Amino acid sequence: MTAVAKSSGCSVEDERTRRMRAESPWRIALRILVRNRVAMSGLAILVIMSLLAVLAPAIAPYDPDAVDILHQLEAPSQAHILGTDLYGRDIFSRILYGGRITLVVGLIAVGIAASIGIVLGLIAGFYGGALDSIIMRLVDVLLAFPRILLALSIVGMLGPGLLNVMVAVGIAGITGYARLVRGSVLSAKENVYVEAARVVGCPDHIILRRHLLPNIIGPVIVLATLDVAAAILSASSLSFLGLGVQPPTAEWGAMLNEGRQYLRTAPWITLFPGLAIMISVLSINMLGDGLRDALDPRMKI
Amino acid sequence: MLRYIQRRLLIMIPVLWGVVTLVFFLMYMLPGDPAATILAQSGGKAEAIEKLREQLGLNDPLPVQYMRFLSNAVRGDFGNSIFLRQPVMQIIAENLPATIELAIGALVVALAIGFSMGILAALKCNTWVDRLCMLTAIAGVSMPNFWLALLIMYLISAINTYYGVLILPITGQGGIQHLIVPSIVLGFAVSGSLARLVRSSMLEVLRQEYITTARAKGLSRRVVILRHALRNALIPVVTMLGLQFGYLLGGTVIIETVFSRRGLGRTIVDAIVWKDLPVVQGAVFVTATTYMLVNLLVDISYAVIDPRIRYS
């Protein structure tokens with residue numbers, strides 16, 4: 001009898017810990033996300049696009065920069081499935097290689113924005129006082145600029161080029177993270193676990209990194225995901241204006257810019273790179289929406 | 001209310017100071033010598049460049065240059081354009097109206113499409129209508145606006161070639177006709193995010209008990225939706241509108257360039273390409289100020305939409 005009670009008690013305990021582990025917020029979120037068909041299609045498209053970009057050297061039928069004047073401005077055909085541009089370069093190959101640049105630019109720009117923004121937000125929210133005021137006034141100043149205008153001004157200062165575009169789009173994106181993280185820290189730092197950590201003598205940087213950050217990271221992940229889409233759009237806009245990635249590098253925005261003059265005679269030069277931008281941005285948005293629904297349905301981003 | 005507006009305007013002053021400072025330092029760090037750029041066409045000799053540097057005050061220490069810039073900026077003077085040889089403020093005054101026109105046109109388009117799609121989707125929640133609206137919305141958000149611009153230009157010119165009619169003018173300045181296509185292109189992306197927000201906000205409100213009450217007391221569906229539901233659903237939407245206006249203002253940079261329209265956005269792009277510093281500084285400053293004023297208007301409009309909000 002006692003043995004039964006003991007074992008059943010034990011199994012109840014096991015059951016509870018197992019359920020607790022199974023029901024961890026991340027796991028619940030993951031389950032909701034996996035069930036979200038739209039988000040999963042977004043993820044699938046994104047994986048395919050990334051694979052195409054990574055495997056570009058193996059898949060691309062032509063060298064993306066190989067000039068072939070004999071076949072300039074050719075309409076899509078069997079030899080060139082998406083046609084050729086002014087210099088006879090194969091558009092399909094250029095789109096494959098362009099994906100490497102566009103997707104990486106999006107990721108790195110968001111990496112810059114998120115890492116700076118999160119640190120600023122953590123410091124401002126955690127320490128408060130004068131530090132908070134200074135950081136948030138700086139953020140206010142950056143917020144006074146429409147984002148693309150800020151990126152444009154920074155690129156104007158740094159000069160065109162791949163690296164500068166990433167930096168410009170990244171800096172222009174800092175404010176979103178700083179504000180979001182600061183707001184979350186302000187409410188999260190009132191929790192008992194923060195006090196407990198303080199009592200046992202945890203240094204501030206550990207409290208910030210180990211205790212606060214994991215608790216507020218959910219909305220940040222959602223913002224960052226959706227932000228990759230926005231960053232890709234900003235970066236390709238800059239390239240489209242001729243201030244971003246410079247020719248002859250294959251980049252989708254720059255390709256659109258090159259095709260502009262031939263819109264009437266060779267619309268495929270502009271059609272397909274634009275479609276590539278839209279599909280990748282769309283897939284990231286679909287995934288980001290799903291993440292938001294899974295992590296926090298009430299969030300308004 | 002008046003006091004709130006006063007206070008907000010006062011808060012704007014340090015932010016504007018920050019904006020001016022940022023604009024100054026961004027341009028100060030710009031590589032290249034403005035004096036050399038100005039004289040480049042006339043084959044600038046070293047002596048002439050040095051003389052011009054002295055005239056422009058570029059040889060002064062940084063704090064002196066900064067203070068001079070600041071005191072001129074306060075008086076609305078950003079100097080003369082390097083290439084157009086006109087006062088920057090005059091160039092801005094000539095170009096700003098066209099940009100405001102475009103931004104407002106785009107806002108009208110965004111509101112019209114966004115609200116109709118959002119309300120429709122909320123009322124037909126979980127039907128194919130809802131799904132179609134939301135698909136259009138997310139596609140609108142994901143579409144690069146310069147690409148949409150080129151597609152529509154191609155379409156209109158193709159119709160023109162085949163049928164010999166130009167349904168709408170695409171490029172350049174002119175009456176309201178010239179405004180239609182650029183406004184649609186610029187407004188479409190915003191209409192997408194607006195539709196999504198209107199939908200979720202409406203759905204939340206439609207679940208409230210006062211909606212059931214209103215219906216139960218015999219009010220028509222139309223009145224309930226427009227007067228009871230929509231007005232309450234507006235608040236989160238208006239909050240976003242300020243941010244979206246910033247997007248529209250920034251978007252004019254691209255749209256004006258694609259459609260060869262005159263405007264502040266295009267002025268900025270051209271000035272950046274030509275390294276015409278004073279114009280970039282002035283135009284960026286004016287755009288930022290406009291954006292801040294719009295956000296203030298948005299905040300004030302909360303009180304009109306929701307009388308529960310009181311500013312003290």
Side-chain angles (χ1 to χ4, degrees), chain A residues 38 42 137-160 172 226 229-230 232-234 236-238 240-243 252-253 256-257 259-260 263-264 267 269-271 273-286 289 297-298 300, chain B residues 11-12 14-19 21-23 25-32 138-139 141-148 150-151 153-154 157-158 161 189 196-197 200 236 239-240 245-254 257-258 265 268-269 271-273 275 280 284 287-289 291-292 295:
Chain A
V38 177
R137 291 300 83 75
L138 267 173
V139 167
D140 280 346
V141 170
L142 288 182
L143 269 178
F145 298 88
R147 189 168 171 181
I148 182 83
L149 188 65
L150 188 57
L152 195 68
S153 309
I154 298 173
V155 154
M157 179 192 85
L158 298 172
L226 292 170
I232 288 178
L233 282 180
S234 298
S236 54
S237 302
L238 292 179
F240 176 73
L241 289 173
L243 295 166
W252 296 340
L256 270 162
N257 190 23
R260 242 164 95 185
L263 188 60
R264 275 160 191 256
I269 306 181
T270 40
L271 182 66
L275 204 59
I277 299 178
M278 184 175 153
I279 293 173
S280 40
V281 171
L282 186 67
S283 63
I284 297 169
N285 277 333
M286 282 156 70
D289 279 356
R298 277 160 306 155
K300 299 234 157 51
Chain B
I11 297 174
M12 263 179 77
V15 178
L16 278 177
W17 170 68
V19 170
T21 309
L22 188 66
V23 164
F25 282 102
L26 271 180
M27 299 307 147
Y28 183 81
M29 288 189 282
L30 198 77
I138 199 171
V141 177
S142 308
M143 202 182 272
N145 51 16
F146 47 91
W147 186 58
L148 181 63
L150 293 174
L151 288 185
M153 282 167 103
Y154 178 70
S157 79
T161 324
R196 284 151 56 109
L197 196 63
S200 67
T239 317
M240 201 194 69
F245 194 81
Y247 173 85
L248 290 179
L249 219 50
T252 57
V253 170
I254 292 147
T257 309
V258 182
I268 294 175
V269 175
I272 286 179
V273 172
K275 300 226 181 300
V280 181
V284 168
T287 313
T289 313
Y291 182 34
M292 282 165 71
N295 271 320

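So that the names make sense, note that chain A is the first sequence line, chain B the second, and so on, each numbered from 1. Please read these numbers as outputs of a predicted model, since none were measured by experiment.
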Select, from [options], the one with the greatest count of heavy-atom pairs under 4.5 Å involving chain A.
{"options": "Phe146(B), Tyr154(B), Trp17(B)", "value": "Phe146(B)"}
{"options": "Val141(B), Val19(B), Thr287(B), Thr257(B)", "value": "Val19(B)"}
{"options": "Pro144(B), Gly251(B), Gly18(B)", "value": "Pro144(B)"}
{"options": "Leu249(B), Val15(B), Leu150(B)", "value": "Leu150(B)"}

Given a strict heavy-atom distance threshold of 4.5 Å, which part of [X] is in contact with chain B: side chain, backbone, both, or neither?
{"X": "Phe240(A)", "answer": "side chain"}
{"X": "Leu282(A)", "answer": "both"}
{"X": "Ala144(A)", "answer": "both"}
{"X": "Asp289(A)", "answer": "side chain"}

**Prompt:** So do the side chains of Leu142(A) and Leu22(B) get within less than 4.5 Å of each other, counting heavy atoms only?
**Reply:** yes
**Engaged part of Tyr291(B) at the chain A interface, taking heavy atoms whose separation is under 4.5 Å** = side chain
**Request:** Output all residues satisfying side chain to side chain contact (heavy atoms under 4.5 Å, CB included) with Ile232(A), sequence neighbours left out; order by chain, then residue number.
**Result:** Thr102(A), Leu103(A), Val228(A), Ile277(A), Val281(A), Ile284(A)
Nearest 0.5 Å, please: how far is [atom2] in [Y] from [atom1] in [X]?
{"X": "Thr270(A)", "Y": "Met153(B)", "atom1": "OG1", "atom2": "CE", "result": "10.5 Å"}
{"X": "Ile254(B)", "Y": "Leu233(A)", "atom1": "CD1", "atom2": "CG", "result": "9.0 Å"}
{"X": "Met157(A)", "Y": "Leu152(A)", "atom1": "CE", "atom2": "CG", "result": "12.5 Å"}
{"X": "Ser283(A)", "Y": "Ile138(B)", "atom1": "OG", "atom2": "CD1", "result": "9.5 Å"}

**Heavy-atom pairs under 4.5 Å with chain B, option from Ile148(A), Leu256(A), Ile279(A) with the top count** = Leu256(A)
**Message:** At a heavy-atom distance under 4.5 Å, which candidate from Asn257(A), Ile154(A), Leu149(A) has the highest pair count against chain B?
**Reply:** Leu149(A)
**Asked** What pair of heavy atoms forms the shortest contact from Ala276(A) to Trp252(A), and how long is it?
**Response** O-CZ3, 3.7 Å
**Qualifying salt bridge (Lys or Arg N to Asp or Glu O under 4.0 Å) pairs, either residue in residues 139-160 of chain A, two or more places apart** = Arg137(A)-Asp140(A), Arg147(A)-Asp227(A)
